[in-house]
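Side chains included, hydrogens not; waters and symmetry mates left out as well; all remaining heavy atoms used. Remember, it's 1-based here, ligands and their atoms both numbered in the order they're listed.
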Amino acid sequence: MAVSICAPKVLCWTTSFLLMLMASLSKAVLDAHYYDHTCPQAEKIILGTVYEASMHDPKVPPRILRMFFHDCFIRGCDASVLVDSTPENQAEKDGPPNISLASFYVIDDAKTRLELACPRTVSCADIIAIAARDVVTMTGGPYWNVLKGRKDGRVSKAAETINLPAPSFNVTQLIQSFAKRGLGVRDLVALSGGHSLGFSHCSSFEPRLRNFSSVHDIDPSMNDELAQNLRKKCPKLNKNRNAGEFLDSTSSTFDNNYYRRLVAGKRVFGSDQALFGDYRSRWIVEAFAKDQSLFFREFAASMIKLGKVGVIEKGEVRVKCRVVN
Ligand code: HEM
Ligand SMILES: *[C@@H]1O[C@H](CO)[C@@H](O)[C@H](O)[C@H]1NC(C)=O
Ligand SMILES: *[C@@H]1O[C@H](CO)[C@@H](O)[C@H](O)[C@H]1NC(C)=O
Ligand SMILES: *[C@@H]1O[C@H](CO)[C@@H](O)[C@H](O)[C@H]1NC(C)=O
């Protein structure tokens with residue numbers, strides 16, 4: 001695929017990745033009623049599992065939401081994020097920005113129950129997509145019908161996680177990263193609202209707090225009070241690898257507070273704060289800050305779009321989500 005004409009390797013990979021993505025996008029047929037006859041109780045089983053786990057551990061909802069994003073951005077929504085490393089292969093979950101990937105046991109539990117109810121029927125990729133919807137609804141966000149029928153991939157490579165957007169990205173870089181997956185600026189702004197939930201480690205925002213640039217010690221787009229708080233939470237010689245800050249002042253509730261804090265300069269990540277500094281995204285941020293139901297509608301629509309990225313038809317239904325069949 002276009003191999004001989006692309007000299008720099010990275011360009012080459014990007015090109016073939018895009019071609020593969022386009023090919024799979026045009027073929028994919030997802031359906032809200034996919035399991036109606038083969039496993040009618042599938043969504044109930046998944047919701048029950050996710051709900052129980054979330055009651056025991058409030059970290060579960062944000063982790064599942066991030067898992068879905070990570071899965072779909074690397075190789076499409078094919079459950080490649082769930083595969084365990086083997087002696088021959090370092091998998092995605094052991095790739096560099098894996099610090100917040102966790103709670104895989106919840107997907108495993110749902111899969112075990114599904115294999116008892118309807119063996120070899122519900123893909124791991126569909127479990128993540130349904131669970132991601134459930135955690136959003138459960139924490140106060142919108143509900144939507146999840147399209148299903150994804151198959152599980154057989155490849156998971158740690159090196160590919162380099163294709164995830166970084167918290168240091170500017171809006172141009174973010175737009176490009178989303179455009180590669182067929183997602184637009186509105187999707188970017190809506191989906192970034194996923195940071196209404198959860199937690200970040202210091203390493204993801206530390207560069208904004210000290211020696212930011214040759215002219216500014218602190219990132220000037222950050223609210224002063226927030227900067228001072230974050231400096232205290234993430235001291236210079238930080239020995240606590242678990243230190244960090246919640247992504248929102250209401251980080252267990254899915255709401256549009258994310259955008260209201262964004263307008264006030266109170267975002268932890270540079271990539272989130274940048275959405276207010278650029279004319280292409282700023283007006284959307286302002287609209288979501290004013291109107292939560294607009295945000296909810298657009299978030300749901302963008303999650304459905306995200307769930308279609310790179311979906312494969314010719315894959316398998318894994319029996320165990322951590323290992324390919
Ligand atoms: C726009 C580009 C994005 C960037 C640069 C980004 C970056 C990050 C980073 C750096 C973290 C914290 C990792 C850590 O230090 O623990 C994080 C956490 C999180 N992200 Fe994103 N993310 C992006 C988009 C998304 C999207 C689209 C979603 C879902 C719709 C999402 C959901 C989450 C959630 C829920 C957490 C919290 C995880 C937890 O509490 O364990 N992110 N993200
Ligand atoms: C993250 O990757 C490192 C190795 O790169 C690994 O030791 C660690 O277990 C991984 N974390 C998770 C949650 O998988
Ligand atoms: C965004 O970042 C890229 C890469 O660092 C840089 O080339 C570009 O000039 C930046 N764009 C804006 C608008 O700041
Ligand atoms: C700040 O960054 C500059 C280069 O960007 C470096 O030369 C300097 O040593 C840094 N200062 C501190 C206090 O880390």
Quiz item: What N/O/S atom of H195 gets nearest to atom 21 (Fe) of ligand 1?
Solution: NE2

Quiz item: Can you check salt bridge (charged side-chain N to carboxylate O under 4.0 Å, His left out) on E52 and R113, steps first, answer last?
Solution: CA-CA 13 Å; E52 269 172 41; R113 293 189 199 180; 3.2 Å; yes

Quiz prompt | Test: K148 cationic atom under 6.0 Å from Y35 six-membered ring centre, within 45° of axis | solution = no

Self-check item: Interatomic distance, D152 atom CG to S123 atom OG [nearest 0.5 angstrom]
Solution: 4.5 Å

Just heavy atoms, cut-off under 4.0 Å: does [X] contact ligand 1 by side chain, backbone, both, or neither?
| X | answer |
| --- | --- |
| A166 | backbone |
| F68 | neither |
| L247 | side chain |
| F178 | side chain |
| P62 | both |

I need the atoms of ligand 1 closer than 4.0 Å to a non-hydrogen atom of [X], numbered in the order shown.
| X | value |
| --- | --- |
| S192 | 1 (C) |
| L197 | 35 (C), 37 (C) |
| F269 | 8 (C), 9 (C), 10 (C), 11 (C), 12 (C), 17 (C), 43 (N) |
| S271 | 5 (C) |
| G198 | 37 (C), 40 (O) |
| R63 | 41 (O) |

Quiz item: For R267 and S221, does a side-chain donor sit closer than 3.5 Å to a side-chain acceptor?
Solution: no

Quiz item: Using a distance-only test with no angle check, is there a side-chain donor-acceptor pair under 3.5 angstrom linking S85 and D94?
Solution: yes

Quiz item: Do L230 and Y258 share a hydrophobic cluster (ILVMFWY, side-chain heavy atoms under 4.5 Å, transitive)?
Solution: no

Practice problem: Kindly work out whether a path of hydrophobic side-chain contacts (I/L/V/M/F/W/Y, heavy atoms less than 4.5 Å apart) joins F69 to V311. | Solution: yes

Quiz item: Which class fits the ring pair F269 and F205: parallel under 30°, tilted 30 to 60°, perpendicular over 60°?
Solution: tilted

Quiz item: Among the heavy atoms of F205, does any lie under 4.0 Å from an atom of ligand 1?
Solution: no

Quiz item: Is there a heavy atom in F199 that sits closer than 4.0 Å to ligand 1?
Solution: yes

Quiz prompt | Electrostatic pair K151:D78 at N-O distance under 4.0 angstrom | solution = no

Practice problem: Under the salt bridge (charged side-chain N to carboxylate O under 4.0 Å, His left out) rule, what do K157 and E92 come out as? Steps first, then yes or no, please. | Solution: CA-CA 5 Å; K157 293 196 179 304; E92 262 175 47; over 6 Å; no

Practice problem: Out of A274, S204, G270, indicate the one that has the non-hydrogen atom closest to atom 10 (C) of ligand 1. | Solution: S204

Self-check item: Residue selection (non-hydrogen contact nearest atom 34 (C) of ligand 1) among R66, M67, H201
Solution: R66

Exercise. Carefully, step by step, assess D217 and R210 under the rule salt bridge (charged side-chain N to carboxylate O under 4.0 Å, His left out).
Key: CA-CA 5 Å; D217 191 29; R210 290 178 197 94; over 6 Å; no

Quiz prompt | F299/F254 aromatic ring centres below 6.0 Å | solution = yes

Which N/O atoms of ligand 3 sit under 3.5 Å from a protein N/O, and at what distances?
residue, atom, partner, partner atom, Å
ligand 3, 2 (O), N170, ND2, 2.3
ligand 3, 11 (N), N170, ND2, 3.0
ligand 3, 14 (O), N170, ND2, 3.3

Practice problem: Please assess F276 against Y259 for the test ring pair (Phe, Tyr, Trp, His ring centres under 6.0 Å), listing each intermediate value before the final yes or no. | Solution: CA-CA 9 Å; F276 194 64; Y259 299 97; over 10 Å; no

Quiz item: Where do L82 and K93 come nearest, in terms of heavy atoms and distance?
Solution: O-NZ, 2.9 Å

